[in-house]
Amino acid sequence: MSDHSSPDVVVLGAGLAGLGVAYRAARLGARVVVVDRDRVGAGASTVAAGMLAPVAEADAGERDLLALGLQSAARWPGFARELQEQSGVDPGYRELGTLVVARDRDGAEALVREAQLREALGAPVQRLLPSAARRLEPALAPSIRGALLAPDDHAVDPRAALEALATAARACGVVVRERTTATGVAVHDGRVAGLDLQDGTRLAAESVVLAAGAWSGSLRDALPAEVRVPVRPVKGQLLRLRGRVGAAAAQQVPVLERVVRFDAGYLVPREDGTVVLGATMEEQGFDTQVTALGLHELLRDVHEVVPGVLELAVEQALAGLRPGTPDNAPLLGPHPALPGLHLATGHHRNGVLLAPITADLVAAGLTGTGAPIAPAFAPERFSTAGLAA
Ligand code: GLY
């Protein structure tokens, strides 16, 4: 067994981003320790719905993000297969496709613009009449006004994926230290020397990876002043729903074969018959309480899209914190202002989608085997040093 009293890499954050980088770096030969102030997946990773939907979620000003999302989506089948082989755990990757549905005339007009945007970006979509959409998904409301099919936008069960990833990482020699709080990145001679812990010890290492999700920006005291990480928490509330025990057929889970996205949310069907209804977007700081207003927002319009959803039993209501950045794009790779500091954070709405490419790009940077990462994702793009450069 390798010696992890002096690892090569310490990763701060045991979510999909941190564990993905740790796993990939370990497979490339690095000795890796992952530290988390809580437990594995205590942040956004286990709250996420698991949409792998770069096309359905594409935004006009985010061309680079779409390209990164498409690259990562293409890596998911291989990543899922690899994790299953390494861990024996099914990561819950399913090729479903996604329907973007308009529930009224305004929505239908917006959908035409959405289709044009995606076609201009070269993203694969098919425009569907309401009747064609309902033939694909009979649970859709008869009143829907149009739909777009993104045939290559799929889904994964993030909790299963995280379990597979954590198991695979440990099998590759990664040491995971839960309930371990970091107090600072240690710096010596202008480069990273390791991670200082609350118990007064130091994990000496040549490289530290900041992958603490929404908490990455709150670690200002743990980071040298020249390194700015403008990550803020963006709260999302969601519901896990399922058919009622002993219920009449009308109260069973509406059979959705695909992910359904609409203007006010999305529905992600799981293989176990549950359906995830998400998600709010709230600027509430580090608040993770489920609120009546949040649930109202989730449920208010869904009957106009898949009416049967309102018949379902509520299995769980959850809230999590996305790591938001000023331009909604992640911060990936080495930080030029501090040699040895690498970032894998700021994934906002795309943490699950971007897990495989984050793992590959950041681990390649750690082991010196990678090509440069696109400037759109440069960790220093918001810092004074980065602006001055
Ligand atoms: N990717 C969906 C969400 O963040 O709600």
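The chain is numbered in sequence order, starting from 1. Whatever order the structure lists them in is the order used to number ligands and atoms, beginning at 1. Heavy-atom basis, side chains included; hydrogens, waters and symmetry copies ignored. This one's a predicted model, so the numbers in the text were calculated from it and none came from an experiment.
Distance alone, capped at 3.5 Å, is enough to place a donor-acceptor pair between the Ser72 side chain and the Leu353 backbone. Of the possible donor and acceptor atoms, none in the side chain of Thr358 sits under 3.5 Å from a partner among the backbone N and O of Pro356.
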_Using side-chain hydrogen bond (donor to acceptor under 3.5 Å, both in side chains), reason through Gln289 and Gln284 one step at a time and then give a plain yes or no._
CA-CA 10 Å; Gln289 292 172 91; Gln284 302 278 347; over 6 Å; no

Listed pairs under 3.5 Å, donor-acceptor, residues 42-62 side chains, sequence neighbours left out:
from, atom 1, to, atom 2, distance (Å)
Ser45, OG, Leu16, N, 2.9
Thr46, OG1, Gly41, O, 2.5
Glu57, OE1, Arg349, NE, 3.2
Glu57, OE1, Arg349, NH2, 3.3
Glu57, OE2, Arg261, NE, 2.6
Glu57, OE2, Arg261, NH2, 2.6
Glu57, OE2, Arg349, NH2, 3.0
Glu62, OE2, Asn328, ND2, 3.0

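Under the side chain to side chain contact (heavy atoms under 4.5 Å, CB included) criterion, Thr367 pairs with Leu28, Thr369, not counting sequence neighbours. With sequence neighbours excluded, the residues that form a side chain to side chain contact (heavy atoms under 4.5 Å, CB included) with Glu114 are Arg118, Leu148.
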Run through all N or O atoms in ligand 1 and write down each protein N or O closer than 3.5 Å, as a pair with its distance.
from, atom 1, to, atom 2, distance (Å)
ligand 1, 1 (N), Glu57, OE1, 3.2
ligand 1, 1 (N), Arg349, O, 2.7
ligand 1, 4 (O), Arg322, NE, 2.8
ligand 1, 5 (O), Tyr266, OH, 2.5
ligand 1, 5 (O), Arg322, NH2, 2.7

